[in-house]
Amino acid sequence: DDAAGAEPYTCNVVAFGPIWDLTERHLEALYSGANKTFIVPRELSDMQNLGDLGKDSYDVDEIFAIVADHRDLAPVSGSTVSYYVLWLDGRYRNAEGVQNTVLGVSFGTSGVITMFKPVIAGAGVDPTGATQRYVEQVTLIHEMGHASGLVNNGLELTSAHQDEEHGAHCNNNDCVMYYAVAGTSGVVEYVQKSVSDPDVILWGQECLDDAAAAVAAGN
């Protein structure tokens, strides 16, 4: 779902293809062997426009009030798991104030992910908009990793790859779960280094191994 002025990037990128293929392919890679079907909205017509919410920053309570008004699928229902991804035309605000470099936030086991469009749109300087499209997708993949429990955030580690100084982040700087990917300067550098072709998988093998072990255990 998205607020007015915060709509996700869609369409194709030259020599790369449909930009939303990136998120879908990463979900498929993460849950490989789980025999799951993924439904990923790709066009704005598949998403809900929430209109002008009238704020330029949002705290946790304000975000969850929006979610309560609009979310119509439970995080887990039987064998179905859903993420609720909210795009806001504003920035994240916490006890320390407005966060101008936070691209997105995942909130625990709620399945709620919030994307902050002004920060995403301002990441990098690319008049074609391609960099910002990659930044948005990489941010979404990173936050879905948190929501899925990666890096000791719910899924057990199968190897010692948690960067404990930075919480639920991977110490492999080639992995999309590396801590610097969550900030504006780090994500642009990561995109330029790592998003190389349409078939790229940005999860590190360590994170893929953790997910595979969870799938094998039936979690």
Side-chain angles (χ1 to χ4, degrees), residues 1-2 6-13 16-50 64 66-87 103-115 120 133-158 168 170 175-177 181 194-219:
D1 291 0
D2 58 88
E7 296 85 357
Y9 297 116
T10 57
C11 76
N12 293 1
V13 174
F16 198 89
I19 193 67
W20 278 87
D21 279 2
L22 200 56
T23 287
E24 184 167 348
R25 188 166 60 254
H26 278 75
L27 287 172
E28 291 171 347
L30 191 64
Y31 292 100
S32 176
N35 193 29
K36 289 187 177 292
T37 299
F38 299 95
I39 301 173
V40 178
R42 292 170 169 271
E43 303 295 336
L44 296 181
S45 58
D46 299 324
M47 307 174 193
Q48 183 182 12
N49 190 323
L50 304 183
F64 274 87
I66 296 168
V67 174
D69 286 341
H70 297 282
R71 188 177 193 175
D72 54 11
L73 291 175
V76 179
S77 178
S79 61
T80 299
V81 176
S82 73
Y83 298 102
Y84 184 87
V85 187
L86 177 64
W87 271 260
L103 299 146
V105 176
S106 174
F107 295 98
T109 59
S110 67
V112 173
I113 296 168
T114 305
M115 307 282 284
I120 293 167
R133 284 167 169 76
Y134 296 138
V135 163
E136 184 166 80
Q137 289 289 308
V138 166
T139 298
L140 181 56
I141 292 164
H142 180 98
E143 299 306 334
M144 282 186 167
H146 286 310
S148 298
L150 287 181
V151 203
N152 210 17
N153 198 41
L155 297 185
E156 292 186 9
L157 299 174
T158 57
C170 186
C175 178
V176 73
M177 297 309 296
V181 177
S194 302
V195 183
S196 55
D197 62 69
D199 298 319
V200 67
I201 294 296
L202 303 174
W203 309 118
Q205 189 59 51
E206 303 90 343
C207 284
L208 289 172
D209 289 345
D210 293 350
V215 167
N219 297 330

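Only heavy atoms go into these numbers, but all of them, side chains included; no hydrogens, no water, no symmetry mates.
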**Prompt:** Which is it for Asp210 and Thr158 under the side-chain hydrogen bond (donor to acceptor under 3.5 Å, both in side chains) test, yes or no, and what are the steps along the way?
**Reply:** CA-CA 6 Å; Asp210 293 350; Thr158 57; 2.6 Å; yes
* Asked: Given Asn153 and Leu150, is the side-chain contact (heavy atoms from CB on, under 4.5 Å) satisfied, shown in steps?
  -> CA-CA 5 Å; Asn153 198 41; Leu150 287 181; 6.0 Å; no
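Ser32 places no side-chain N or O within donor-acceptor distance of the main-chain N or O of Glu28, the cut-off being under 3.5 Å. With Thr10 contributing its side chain and Glu43 its backbone, the two residues share no donor-acceptor pair below 3.5 Å. Remark: the backbone N or O of Val40 is not paired with any side-chain donor or acceptor of Trp20 at under 3.5 angstrom.
For the residue pair Tyr84 and Ser110, no side-chain donor N or O sits within less than 3.5 Å of a side-chain acceptor on the partner. With hydrogens and angles left out, the side-chain atoms of Tyr83 and Ser106 include no donor and acceptor closer than 3.5 Å. If you check the side chains of Glu136 and Trp87, you find a donor sitting under 3.5 Å from an acceptor.
In this structure, Asn49 and Glu7 have side chains that are in contact, with non-hydrogen atoms separated by less than 4.5 Å. Proximity of Val105 to Val112: side-chain heavy atoms (C-beta onward) are nowhere separated by under 4.5 Å. By the 4.5 Å heavy-atom criterion applied to side chains, Met115 and Leu103 are not counted as neighbours. Using a 4.5 Å heavy-atom threshold, the side chains of Ile141 and Leu22 count as touching. Side-chain contact between Gln48 and Asp2: absent, with no pair of heavy atoms (C-beta onward) separated by less than 4.5 Å. No side-chain heavy atom of Val215 sits less than 4.5 Å from a side-chain heavy atom of Leu30. No side-chain heavy atom of Phe16 sits under 4.5 Å from any side-chain heavy atom of Asp21. Between Met177 and His142 there is a side-chain heavy-atom pair separated by less than 4.5 Å.
Using a 30° and 60° split on the angle between ring planes, Tyr31 and Phe38 fall in the tilted class, from 30° to 60°.
A salt bridge links Glu24 with Arg42: the closest approach of a Lys/Arg side-chain nitrogen to an acidic carboxylate oxygen falls below 4.0 angstrom.
To the nearest 0.5 angstrom, Leu202 atom CG is 10.5 Å from Leu208 atom CG.
Heavy atoms from other residues, nucleotides or ligands lying under 6.0 Å from CG of Asn35 number 12 at most.
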